[in-house]
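Chain identifiers are assigned alphabetically (A, B, ...) following the order of the sequence lines, protein sequences preceding nucleic acid strands; residue numbering begins at 1 within each chain. Note that these values count all heavy atoms, side chains included, but never hydrogens, waters or copies made by symmetry.
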Protein chains: 2
Amino acid sequence: MLIGEVARRSGVAAKTLRYYEDIGLIERPSRDASGYRDFGESVLGCLAFIRSARAVGLTLGEIRGIVALHDDGKVPCGHVLELLRSRAAEVDETIRQLRELKADLDRLVEQAVTFDPADCDPDRICHLLGRP
Amino acid sequence: MLIGEVARRSGVAAKTLRYYEDIGLIERPSRDASGYRDFGESVLGCLAFIRSARAVGLTLGEIRGIVALHDDGKVPCGHVLELLRSRAAEVDETIRQLRELKADLDRLVEQAVTFDPADCDPDRICHLLGRP
DNA sequence: CTTGACCTTCCCGCACACTGGAACCCTTAG
DNA sequence: CTAAGGGTTCCAGTGTGCGGGAAGGTCAAG
């Protein structure tokens, strides 16, 4: 399978496929007589895996770690579970921070709508933000 | 005030101050006889403003927009309110997406802990991720 | 024989907000 | 005189995941 077909069937750009190959995320495909990459069907499953892993926020580096375990003949379950858990914790923490941020923003907007611009202190950039 | 003192008093690195000057975020300070930057006190208020604006997630580009309005002698309240509202909407949307992601992650972790590695399909990178 | 659609490698650029380092100047103290 | 501790400019790199485009080889159809 040429790279263009892989791209069409997987939805992953040819450029990206070469990039994934460069960073060791997918197997180096064999080449045909003209030097064209000749992918096997299995790359599609691998790309589906990568897509799912990306979708839950794993980085390409983390995914490469999983793939490397798999290529070593090991079952990466434990490692994957660990990654999923730490990713879940990260997401939780991010949500927490964003909620705080949202509360701050809401407070600022609340102040903003009930404020008379005439009260502005010309020495400050903007009364709405600045000194807490 | 030399750049080092501004850095100490504001907590913003000297490098960052030069960068802010480069991108037009803070006023170009005058120079002393040796070519050293000579900042006025007002830069501290400006940096406090920038810090607050960064804290609610505004980009340096957006902040520059506010500062530019202020430097034009305009009251940036309305513009700031608009930015705060659209930022609040962004944060909300991000939280929503992260909550979905978290649910996905929790589901995957749930599956992972109740899974027997012996059931692995060797053709797949990992049963936990891959085909949905 | 030419056209057009493929493929190849290689290098640069982006977004964002800095940060590091080199090479050099100025000032003050010992 | 020298060393320490400021300051200056400019260039380049960080992380992340690609995308653009040049310059060229290959292949099938018309």
Side-chain angles (χ1 to χ4, degrees), chain A residues 1-26 28-40 43 46-67 83 86-87 90-91 94 101, chain B residues 1-40 43 46-67 83 86-87 90-91 94 97 101:
Chain A
M1 208 183 344
L2 294 184
I3 198 168
E5 193 183 339
V6 176
R8 267 190 305 279
R9 290 175 60 183
S10 67
V12 176
K15 274 270 184 191
T16 304
L17 292 170
R18 295 195 191 96
Y19 173 66
Y20 283 177
E21 184 188 329
D22 280 348
I23 64 170
L25 201 49
I26 57 178
R28 241 162 231 298
S30 51
R31 303 293 184 120
D32 70 12
S34 331
Y36 290 10
R37 287 172 180 80
D38 182 20
F39 289 92
V43 75
C46 188
L47 289 170
F49 171 76
I50 293 171
R51 178 189 297 260
S52 304
R54 293 278 302 135
V56 296
L58 299 188
T59 66
L60 296 185
E62 288 167 333
I63 299 170
R64 180 170 42 195
I66 301 174
V67 174
L83 284 174
S86 86
R87 178 70 188 132
E90 271 174 39
V91 171
T94 305
L101 177 56
Chain B
M1 207 179 350
L2 295 184
I3 199 169
E5 194 183 339
V6 176
R8 266 191 306 280
R9 289 176 61 183
S10 68
V12 176
K15 273 272 185 192
T16 304
L17 292 170
R18 295 194 192 96
Y19 173 67
Y20 283 177
E21 184 188 330
D22 280 348
I23 64 172
L25 200 51
I26 57 178
E27 245 182 325
R28 242 162 231 298
S30 52
R31 302 294 182 119
D32 70 12
S34 329
Y36 290 9
R37 287 170 181 81
D38 182 19
F39 290 92
V43 75
C46 187
L47 290 170
F49 171 75
I50 294 171
R51 179 189 296 260
S52 304
R54 291 281 299 134
V56 296
L58 299 188
T59 66
L60 295 185
E62 287 166 334
I63 299 170
R64 182 168 44 194
I66 301 174
V67 174
L83 285 174
S86 86
R87 178 69 187 134
E90 271 175 38
V91 170
T94 304
Q97 286 174 8
L101 177 57

Value rounded to 0.5 Å, distance of CG in B:Leu83 from CD1 in B:Ile66: 5.0 Å
For the pair made of CG in B:Leu17 and C1' in D:dT9, what is the distance, rounded to whole Å? 16 Å
Closest approach of A:Leu25 to A:Val67 (non-hydrogen atoms, all atoms of both residues): O-CG1, 3.9 Å
Residue B:Ser34, side-chain heavy atoms: nucleotide from D:dG17, C:dC10, C:dT27 that is nearest: C:dT27
By the 4.0 Å heavy-atom rule, please label A:Ala13 as base, sugar-phosphate, or nothing. sugar-phosphate
Does B:Arg54 make a side-chain N or O approach to OP1 or OP2 of C:dC18 shorter than 4.0 Å? yes
Identify, between A:Asp38 and B:Lys15, the residue whose nearest nucleotide on DNA chain C lies closer to the 5' end. A:Asp38
Spacing between A:Arg51 atom CZ and D:dC18 atom P, to the nearest angstrom: 11 Å
Which part of the nucleic acid, if any, lies within contact of A:Ile23, taking any heavy atom under 4.0 Å across all strands shown: a base, the sugar-phosphate backbone alone, or nothing? nothing
Please step through salt bridge (Lys or Arg N to Asp or Glu O under 4.0 Å) for the pair A:Glu5 and A:Arg8, ending with a clear verdict. CA-CA 5 Å; A:Glu5 193 183 339; A:Arg8 267 190 305 279; 5.3 Å; no
Closest-nucleotide 5' rank along DNA chain D - winner of A:Leu60 and B:Ile3: B:Ile3
Which heavy atom in A:Ala13 sits nearest to a heavy atom in A:Ala7, and how many Å separate them? C-CB, 4.3 Å
Could a donor-acceptor pair under 3.5 angstrom be found where the side chain of A:Tyr36 meets the base of D:dG25? yes
Mind calculating the distance between CG (B:Leu58) and P (C:dC16) to the nearest angstrom? 13 Å
If you compare every side-chain N and O of A:Arg18 against the phosphate oxygens of C:dC10 (OP1, OP2), does one of them come in below 4.0 Å? no
Atom CG of A:Asp22 to atom C1' of D:dG19: distance rounded to whole Å? 14 Å
Between CG of B:Leu2 and P of C:dT27 the distance, given in whole Å, is 11 Å
Just compare D:dG17, C:dC18, D:dG19 and give me whichever is closest to any side-chain atom of A:Thr16. D:dG19
Euclidean distance, atom OH of residue B:Tyr19 to atom C1' of C:dC16 [Å, nearest integer]: 7 Å
Could you check how far CE of A:Met1 sits from P of C:dC6, rounded to whole Å? 16 Å
Candidates C:dT8, C:dC18, C:dC26 - which lies nearest the side chain of B:Tyr20: C:dC18
What is the distance, rounded to the nearest whole Å, between atom CD of A:Glu62 and atom P of D:dG15? 15 Å
Which atoms form the tightest heavy-atom contact between B:Glu62 and B:Gly57, and what is the distance? OE1-O, 4.4 Å
Are OP1 or OP2 of C:dC7 and a side-chain N or O of A:Arg37 less than 4.0 angstrom apart? no
Looking only at side-chain N and O atoms, does A:Thr59 come under 4.0 Å of OP1 or OP2 in D:dG17? no
